[in-house]
Amino acid sequence: LRENQFFTQIRAMVQIEPALLEPILQRIEHTQPDLIGLITANQQQFLDFLNEPVSPEVMQQTEQALAQMVNGMGMGGAMGGGMGGPPPQQFQVTEEENQVINNLVELGGFDRNQVIEAYFLFDKDETMTANYLLNNPSFDDFPGNN
């Protein structure tokens with residue numbers, strides 16, 4: 001794992017924003033169930049691995065990538081561009097996606113714009129979005145809201 005660029009980026013992401021660990025693990029569980037089995041069987045080693053230092057260059061690249069991803073989706077700016085800011089991001093959603101968004105809004109009484117931002121950030125994964133919103137109801141810990 002140490003030599004795998006994907007896991008180096010995950011390490012950096014989790015060190016920058018620890019709240020992303022759970023959604024990342026859930027995504028791995030869905031896409032690579034064998035790998036999640038190894039992680040589960042070796043939890044302490046995996047946690048030690050996640051806490052290993054990451055090069056300053058990788059940390060900077062990951063911070064920039066997170067900021068671009070968040071800003072590209074209208075994070076922090078979905079309500080409108082304002083004075084000199086970027087215009088709000090427009091999202092096209094299907095009826096089914098709109099229903100998922102409505103369900104998530106009703107689930108916790110969340111702000112619709114925050115739900116949309118999280119939904120697209122987590123690649124339209126309803127479970128990951130719900131988990132993130134429920135674990136971060138104030139949305140203060142959302143990547144890019146520093």
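- Annotation: the span from Asp125 atom CG to Gln26 atom CD amounts to 7.5 Å, rounded to 0.5 Å.
- With values rounded to the nearest 0.5 angstrom, Glu17 atom CD is found 9.0 Å from Met13 atom CE.
- The side chain to side chain donor-acceptor pair (under 3.5 Å) test applied to Asp34 returns no partner, not counting sequence neighbours.
- Dense packing is recorded around CD of Glu22, with more than 12 heavy atoms of other residues, nucleotides or ligands lying under 6.0 Å away.
- Ile28 CD1 to Ile39 CD1: the interatomic distance, rounded to the nearest 0.5 Å, is 4.5 Å.
- Between the side chain of Gln15 and the backbone N or O of Leu50 there is at least one donor-acceptor pair closer than 3.5 Å.
- Atom CD of Gln9 and atom CD1 of Ile16 lie 10.0 Å apart (nearest 0.5 Å).
- Checking side-chain atoms of Asn102 against main-chain N and O of Asn98 turns up a donor-acceptor pair under 3.5 Å.
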Query - Residue pair Leu20, Ile10: steps toward the side chain to side chain contact (heavy atoms under 4.5 Å, CB included) verdict - result: CA-CA 9 Å; Leu20 292 175; Ile10 286 177; over 6 Å; no
Requested in this report: Please step through side chain to side chain contact (heavy atoms under 4.5 Å, CB included) for the pair Gln99 and Asn103, ending with a clear verdict.
Outcome: CA-CA 6 Å; Gln99 185 60 48; Asn103 291 343; 2.9 Å; yes
Report task. Apply side chain to side chain contact (heavy atoms under 4.5 Å, CB included) to Asp111 and Val115, showing your working. Result -> CA-CA 6 Å; Asp111 177 78; Val115 169; over 6 Å; no
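- Contact record, Ile36 with Pro33: CG2-O, 3.1 Å, taken as the closest heavy-atom pair.
- From Ile116, atom CD1 reaches atom OG1 of Thr129 across 11.5 Å, with rounding to the nearest 0.5 Å.
- With sequence neighbours excluded, no residue forms a side chain to side chain donor-acceptor pair (under 3.5 Å) with Glu106.
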Query raised in the report: Passes side chain to side chain contact (heavy atoms under 4.5 Å, CB included), Phe46 versus Asn51? Steps please.
Result: CA-CA 9 Å; Phe46 185 70; Asn51 288 313; over 6 Å; no
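- Checking side-chain atoms of Asn42 against main-chain N and O of Gln45 turns up no donor-acceptor pair under 3.5 Å.
- For Glu52, the side-chain contact (heavy atoms from CB on, under 4.5 Å) partners two or more places apart in sequence, or in a different chain, are Arg2, Arg11, Phe49.
- The two atoms that bring Val58 and Ala12 nearest to each other are CG1-CB, 4.1 Å, heavy atoms only.
- In terms of heavy atoms, Ala130 sits closest to Leu104 at CB-CD2, 3.6 Å.
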